[in-house]
2 protein chains.
Amino acid sequence: MEIPPVVIDRLPLYTRALSTLDEEGRDVVSSQELGTLLGVTPAQIRKDLSYFGRFGKQGRGYNVRKLLDELHHILGLDRQWRMAVIGVGKLGRAILGYEGFTPQGFRIVEAFDADPKRIGQLIENLTIRDANDLEKILLKSPVDVGIVAVPAVIAQNVIDTLVKCGVRAILSYAPIPARVPQGVYLKRIEPVLALQSMAYYLKNSPRSTAAASRS
Amino acid sequence: MEIPPVVIDRLPLYTRALSTLDEEGRDVVSSQELGTLLGVTPAQIRKDLSYFGRFGKQGRGYNVRKLLDELHHILGLDRQWRMAVIGVGKLGRAILGYEGFTPQGFRIVEAFDADPKRIGQLIENLTIRDANDLEKILLKSPVDVGIVAVPAVIAQNVIDTLVKCGVRAILSYAPIPARVPQGVYLKRIEPVLALQSMAYYLKNSPRSTAAASRS
DNA sequence: AAGGGTTTGTGCTCACAATTACAATCCTTC
DNA sequence: GAAGGATTGTAATTGTGAGCACAAACCCTT
């Protein structure tokens with residue numbers, strides 16, 4: 001059976017809410033409660049989960065810990081993923097310094113840049129490598145995910161190289177509609193696009209008219 | 001007529017591609033070409049544009065400059081938008097230093113933080129203000145967009161304050177399912193969620209199996 | 001000026017995701 | 001241990017967006 005990508009995109013949301021509940025010591029949660037917590041309908045949650053199994057108990061709800069473990073397993077969050085950052089300008093450095101990846105099992109193990117002034121520098125316990133050695137180094141020490149934080153003009157090039165090195169998941173901060181072959185997964189982080197689409201609503205909704213707020 | 005939010009989300013993509021073409025000196029482009037450039041079907045582009053008018057010429061395509069101007073006007077990109085950044089840790093500083101906002105008409109005019117060590121500092125030509133004065137300052141000098149780069153625990157609080165100050169568009173980097181009232185627009189930037197959903201495919205697609213790559 | 005080759009705009013169809021609604025199941029209480 | 005209240009899992013329905021296909025319109029060439 002083929003699971004809709006939208007469903008996969010929602011699962012991490014569920015795990016996050018469940019983690020919070022778990023830390024608060026909650027044992028059981030209903031789809032109802034989880035739904036209001038996340039701004040999603042209870043039926044949506046139940047249906048999403050039903051793609052993978054039957055995790056709840058009628059009349060009671062879901063065991064927080066058990067469901068969390070299941071989702072971790074389903075998403076592959078019960079292991080470590082190795083990541084490389086390409087480009088350590090302001091953005092790249094912020095990414096290297098972000099503490100939110102490691103607790104979720106995503107660890108940055110390599111960092112690259114093309115600027116000679118940056119190569120060899122030690123940033124956040126990582127020695128910046130020469131971007132020209134990208135291929136060589138990644139073939140020796142493979143990573144699961146590539147994080148692209150280079151200028152737009154060379155982004156496609158970097159992405160192509162990553163793909164050549166067998167990287168199958170790419171998180172791109174570059175403002176280009178990058179193309180990747182089948183079987184390679186690409187997610188883009190595009191704050192400017194987000195702003196631009198919100199501008200439309202700012203412009204067209206006359207200050208306090210009903211309008212859906214979508215994230 | 002009500003325009004689907006997905007359509008609005010795609011328009012900025014079109015403007016970006018058109019800008020590139022315009023800089024290259026191109027006069028005319030077909031939906032076909034624009035489509036392959038963006039990884040979108042030509043019919044999709046034509047249909048999206050048809051919500052707003054008839055901008056093309058049969059047998060010829062779209063005048064790049066004219067369509068670009070139209071889209072800029074539709075999206076409200078033909079004016080300046082004022083933004084405030086709340087939280088100037090590593091992430092916030094990277095946002096302040098990002099050069100991609102200004103060329104698109106989005107200008108950061110205020111920056112806030114709660115840390116006394118940061119208040120008063122001059123970063124990227126902006127004096128960091130006390131986050132406790134957020135309300136006071138924003139009421140005097142209103143902004144259109146709030147960029148939230150604070151820790152998760154206080155993010156909802158900050159967002160509530162922004163809303164109270166009349167901010168109707170919020171770009172949140174905080175990893176929480178923030179809630180905003182009707183008429184306020186929220187977009188979230190969530191690299192961790194993106195990674196987590198890609199982990200599913202990494203785990204479940206046996207290295208070079210056909211699989212759609214969605215961004 | 002006529003014809004051929006393009007490309008737009010759009011009605012229609014199809015596919016898929018969200019919602020509804022309800023039977024089945026479970027827990028708790030009396 | 002039976003009854004009542006709650007909640008799940010899912011079949012059926014609804015809603016919506018994407019793709020197809022074609023008539024209308026346009027340009028260019030001869």
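In what follows, chains are A, B, ... by sequence order, proteins preceding strands, each numbered from 1.
A side-chain donor-acceptor contact under 3.5 Å links A:Asn63 to the backbone of A:Lys66. The main-chain N or O of B:Val64 is never found under 3.5 Å from a side-chain atom of B:Arg26 such that the two would form a donor-acceptor pair. For B:Ser141 (side chain) and B:Leu138 (main-chain N/O), no donor-acceptor pair under 3.5 Å exists by modelled atom type. Using modelled atom types, one side-chain atom of B:Arg82 and one backbone atom of B:Pro142 make a donor-acceptor pair closer than 3.5 Å. In this structure, the side chain of A:Asp113 does not engage the main chain of A:Gly87 through any donor-acceptor pair within 3.5 Å. Checking side-chain atoms of A:Ser205 against main-chain N and O of A:Leu202 turns up no donor-acceptor pair under 3.5 Å.
Note that the two end axes of the helix from C:dA1-D:dT30 to C:dC30-D:dG1 enclose an angle of 10°, each drawn from 5 base pairs, rounded to 10 degrees.
By the 4.5 Å heavy-atom criterion applied to side chains, B:Ile74 and A:Tyr200 are counted as neighbours. Put simply, the side chain of A:Val85 does not reach to within 4.5 Å of the side chain of A:Glu110, judged on heavy atoms.
Chain B approaches DNA chain C over the interval C:dT6 to C:dC12, counting the first and last nucleotide 5' to 3' with an atom under 4.0 Å from its heavy atoms. Contact footprint of chain B on DNA chain D: nucleotides with an atom under 4.0 Å from a non-hydrogen protein atom, first to last in 5' to 3' order, D:dG17 to D:dC27.
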**Request:** Output, in order, the C-alpha distance, side-chain angles, deciding distance and verdict of ring pair (Phe, Tyr, Trp, His ring centres under 6.0 Å) for A:Tyr62 and A:Phe55.
**Result:** CA-CA 7 Å; A:Tyr62 300 88; A:Phe55 307 118; 7.7 Å; no
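Where A:Arg46 and A:Val7 meet DNA chain C, the nucleotide closest to each residue was compared, and A:Val7 sits on the side nearer the 5' end. If you find the closest nucleotide of DNA chain C to B:Lys47 and to A:Lys57, the one lying nearer the 5' end belongs to B:Lys47. Both B:Asp48 and A:Pro42 lie close to DNA chain D; mapped to their nearest nucleotides by heavy-atom distance, the more 5′-ward contact belongs to A:Pro42. Comparing B:Tyr51 and B:Ala43 against DNA chain D, the residue whose closest nucleotide sits nearer the 5' end is B:Tyr51.
Using a 4.0 Å cut-off between charged nitrogen and carboxylate oxygen, A:Asp22 and A:Arg65 count as a salt-bridge pair.
A:Arg54 comes within 4.0 angstrom of sugar-phosphate atoms only, judged by non-hydrogen atoms across all strands, and of no base.
The heavy-atom pair separating B:Leu162 from B:Gly146 by the smallest distance is CD1-CA, 4.2 Å.
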